Amino acid sequence: MTSTDPEILDALPTVLANRVVPIDDVLAALKSAGIDLGEYQGETLDRVTSMEGAFGDLAGGLMFLPRFFDGTKWTIEVTEQDLAARIIEDTMAIDPLVWWLVTNEVACVDDAGQVMGLLEVESLDDVHDSLVLPDPVAESLRPGWVSVTLRDGATHWSLSNGPAAPTAAQIAAAQAGFQVTLNDPRNAEFSVAAGVSVPVGLERATDTSALLEAIAIDRSAFTDAPMPPLTTLFEAAGFEVRDRDVAMPGFDWDALATWRTSNIAALLFELTETQTTAYRALTAALAQWQSSHTISDAGAIADLFADTKVIEAFSAGPQPQMVALPGQMADTAAAHLGFVEALIDARVESDDITAFRVRCLDRVGRPLDAIAVLDEVVESTEAKPLLLAAAEFAADRSDATVAYALLQRAGALDHLASIKGEAETHTPDLELLFEIEPFAMTRPKAVADRNDPCPCGSGKKFKKCHINDQPMHGLEYRAPWVHGKAMRFGRARNAALIETLADAVCAHVDDGEIVEQMRFSPFIADVALHEGGDFARFLEARQELLPADEFELATQWAAIDRGVFEIVKLAGQRVELRNIVTGVGITVGEMESGSGIETGDLMIGRPLPVGDGWRAFGGFMPCDPSIAENVVAAIEARDALGIAGLIGDQLAPTHDDLMSQLGLEGLGLDGLDFEALGLDEADLSDE
């Protein structure tokens with residue numbers, strides 16, 4: 001019988017001891033110990049150890065880090081702020097230990113070996129790992145240099161006079177370890193996942209891999225003397241060091257950065273080889289302009305703006321990532337704006353460049369300047385990106401008639417007719433069309449009868465004065481549109497956050513179609529807006545465009561938190577709810593009760609005030625009573641991912657009694673008016 005994963009993991013430390021063991025020897029030793037790895041032994045071993053931070057693999061084989069590092073002493077600098085917060089934010093000096101600390105419970109011990117607490121690792125900014133110290137350990141230290149000694153799988157923290165100086169033996173081992181790492185084919189970052197080969201001249205090693213190889217070559221060099229900081233060690237060995245990379249003197253770090261960036265962009269944005277080459281050329285041209293304010297071959301650079309996927313990747317900035325901070329996005333847009341205006345100054349213009357300039361102006365907080373640029377070209381252009389951008393600005397100003405006409409010119413109506421309701425409709429042109437169509441196709445109620453005096457005070461009859469001026473729909477009628485504008489803004493500015501939240505809700509759903517549908521759920525979009533912070537950014541970015549009454553209403557909505565509500569009464573299109581925390585009752589209108597929900601059920605939602613009533617544009621999600629307290633805590637913390645994760649946990653197998661799938665009956669929403677809720681039955685169906 002094939003051994004279980006825990007049985008394999010329990011046997012490995014004895015096999016590995018404190019050394020690197022070739023894989024074939026590991027497999028043979030496990031077999032001798034009675035461990036059955038099944039038919040595909042190597043694959044099983046790799047799978048079992050790959051996500052266990054206590055194990056590391058080198059060119060020579062596998063190691064068990066707690067014993068491999070046993071007896072080593074590391075030095076790390078801590079600040080007064082670190083100790084006050086009990087969090088060490090700069091962990092580079094002990095970076096080779098961090099993955100072990102992430103996946104294992106590693107104790108801190110005192111001089112007598114008594115446990116003082118467990119170390120924890122968390123990512124405060126979702127990028128860098130930070131080390132959380134137990135209170136007794138932090139209280140025993142002071143700002144400055146600290147020693148971390150590994151003993152029997154635990155850590156001992158003590159004061160140090162400063163960082164250790166590299167010894168001759170350590171330097172020699174580091175030089176040899178670097179060469180071994182450089183010759184390891186796995187050192188090529190992205191090579192396995194994306195088939196990308198390291199270009200000639202950009203060969204380098206990570207400090208962690210090089211150090212592990214150095215210890216494997218001469219372990220006593222690092223147990224007989226304290227470990228210097230990695231940067232100090234490799235610089236003493238004659239190498240150049242940048243962040244975690246170690247390279248030979250004279251290394252082209254700019255070329256490495258460009259190569260890495262293009263690889264990341266190719267992966268994130270699914271670029272072809274040709275598109276990746278174009279992206280690399282565009283980023284290189286931007287870098288040249290930033291450093292010298294010159295542009296070589298502006299015409300060729302301008303041609304690169306024609307590929308929308310290349311521009312999508314380029315817009316993500318110098319370090320493409322799934323979720324960028326607002327400040328990073330603004331800085332990127334500012335740099336891109338200067339670059340594209342330099343192209344225009346070089347008398348290189350095109351519709352694609354103009355569209356990119358409009359986007360940059362909007363992203364840096366200058367929407368009126370963006371509109372002014374569009375006004376100069378929109379009457380004569382047939383470029384879809386420009387027409388669509390102009391339509392979006394018109395929609396933000398609540399000019400549905402103009403927006404509709406621009407969308408018609410952009411081919412949105414032809415697009416809708418061509419798909420016949422059977423193809424994907426979540427495209428920018430159709431989403432905007434669906435948003436504005438109810439307001440473009442209906443005439444607002446006139447402010448006066450035809451023969452009444454005109455409200456403008458001219459003394460003329462209304463039919464002779466301002467009857468042809470388009471009045472605006474009432475605010476209560478426009479309220480869903482206001483929320484729709486905010487959702488459109490959030491999807492454009494922070495699509496990655498929405499995708500992350502949808503994935504969290506569907507973490508236990510093995511159906512890609514449902515996951516994709518959930519990414520367009522108004523509930524997910526509203527969580528990104530409110531708890532994710534996009535609504536505040538929407539208000540800031542669109543204050544100059546929204547009609548005054550819409551901006552006032554949206555500002556009021558920004559102060560309304562999500563809640564967990566108990567259904568008190570179902571009556572036709574009205575549902576009475578009670579907030580389980582505040583006890584405040586509200587009535588949400590334009591909903592239909594049905595068999596899917598019952599009085600006493602708990603629901604998560606953010607009903608918003610509209611006139612004298614409440615509307616639930618973001619819809620509701622069910623809330624099992626067992627998680628209600630945790631959901632409330634996540635709401636109070638404005639923890640968007642926490643809310644999504646808790647909802648997703650209800651879909652785990654242990655909650656089959658609540659809902660086994662994202663079907664209407666399971667969600668308890670089959671009897672609601674989905675349009676009024678802001679939900680679409682198709683978005684939740686599992687058919």
Side-chain angles (χ1 to χ4, degrees), residues 269-272 275 306-313 315 351-352 355 359 378 381-396 399-442 480-481 483-496 498-499 502-503 506 509 511-525 528 617-619 662-664 669-670 673-687:
F269 298 97
E270 300 179 347
L271 303 182
T272 65
Q275 289 171 326
D307 192 314
T308 56
K309 291 200 71 174
V310 172
I311 295 304
E312 179 187 11
S315 298
D351 288 336
D352 298 314
R359 175 176 179 165
V378 75
T381 188
E382 294 301 321
K384 183 175 179 178
L386 292 173
L387 294 171
L388 184 57
E392 289 177 343
F393 283 127
D396 288 334
D399 196 337
T401 303
V402 169
Y404 189 85
L406 288 165
L407 285 173
Q408 189 172 25
R409 286 179 56 195
L413 298 182
D414 293 337
H415 180 195
L416 181 62
S418 68
I419 64 175
K420 300 178 181 179
E422 298 178 358
E424 177 60 64
T425 59
H426 295 301
T427 56
D429 59 338
L430 295 186
E431 289 283 350
L432 184 58
L433 179 64
F434 299 150
E435 176 190 316
I436 60 98
E437 194 171 31
F439 306 94
M441 296 293 99
T442 58
W481 193 8
H483 193 268
K485 295 176 186 181
M487 288 197 297
R488 169 164 48 85
F489 177 90
R491 293 190 191 283
R493 299 291 180 97
N494 210 351
I498 292 175
E499 182 175 331
D503 289 347
C506 297
V509 177
D511 189 324
E513 184 177 350
I514 291 177
V515 175
E516 185 66 20
Q517 290 170 348
M518 187 56 65
R519 290 174 182 171
F520 293 93
S521 159
F523 183 92
I524 298 297
F617 304 119
L662 279 177
L664 302 180
L669 296 175
D670 57 316
D673 181 343
F674 288 87
E675 183 176 355
L677 272 170
L679 291 169
D680 183 343
E681 291 193 53
D683 290 341
L684 298 174
S685 175
D686 62 340
E687 297 296 321

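Bear in mind that the values here come from a model prediction, so they are computed numbers and not experimental data.
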Is there a side chain to side chain contact (heavy atoms under 4.5 Å, CB included) between D399 and F393 once you walk through the steps?
-> CA-CA 9 Å; D399 196 337; F393 283 127; over 6 Å; no
Would you sort out whether D503 and R519 count as a side chain to side chain contact (heavy atoms under 4.5 Å, CB included), showing the intermediate values?
-> CA-CA 8 Å; D503 289 347; R519 290 174 182 171; 2.8 Å; yes
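Separating the CG atom in D414 from the CD1 atom in I419 is a distance of 12.0 Å, to the nearest 0.5 Å. For the atom pair H426 NE2 and F434 CZ, the distance stands at 9.0 Å (nearest 0.5 Å).
A pairwise comparison of heavy atoms in E435 and G484 identifies OE1-O, 3.9 Å as the closest pair. Nearest heavy atom pair, residue C506 against residue V515, reads CB-CG2, 3.6 Å. For the residue pair A403 and I436, the shortest heavy atom distance occurs at C-CD1, 4.3 Å. The two residues M518 and I524 have their closest heavy-atom pair at O-CG1, 3.5 Å. W481 and A400 make their closest contact through CH2-CB, 3.7 Å (heavy atoms, listed as atom of the first residue, atom of the second, distance). A395 approaches R488 most closely through the heavy-atom pair CB-NH2, 3.7 Å.
The main-chain N or O of H415 is found under 3.5 Å from a side-chain atom of S418 such that the two form a donor-acceptor pair.
Checking each of L407, L430, T427 against L416 for a side chain to side chain contact (heavy atoms under 4.5 Å, CB included) leaves exactly one that passes, namely L430.
Look at D351 and K384 and you find no salt bridge, because none of the NZ, NE, NH1 or NH2 atoms lies under 4.0 Å from a carboxylate O. The pair E312-K309 does not count as a salt bridge, with every side-chain nitrogen at least 4.0 angstrom from each carboxylate oxygen.
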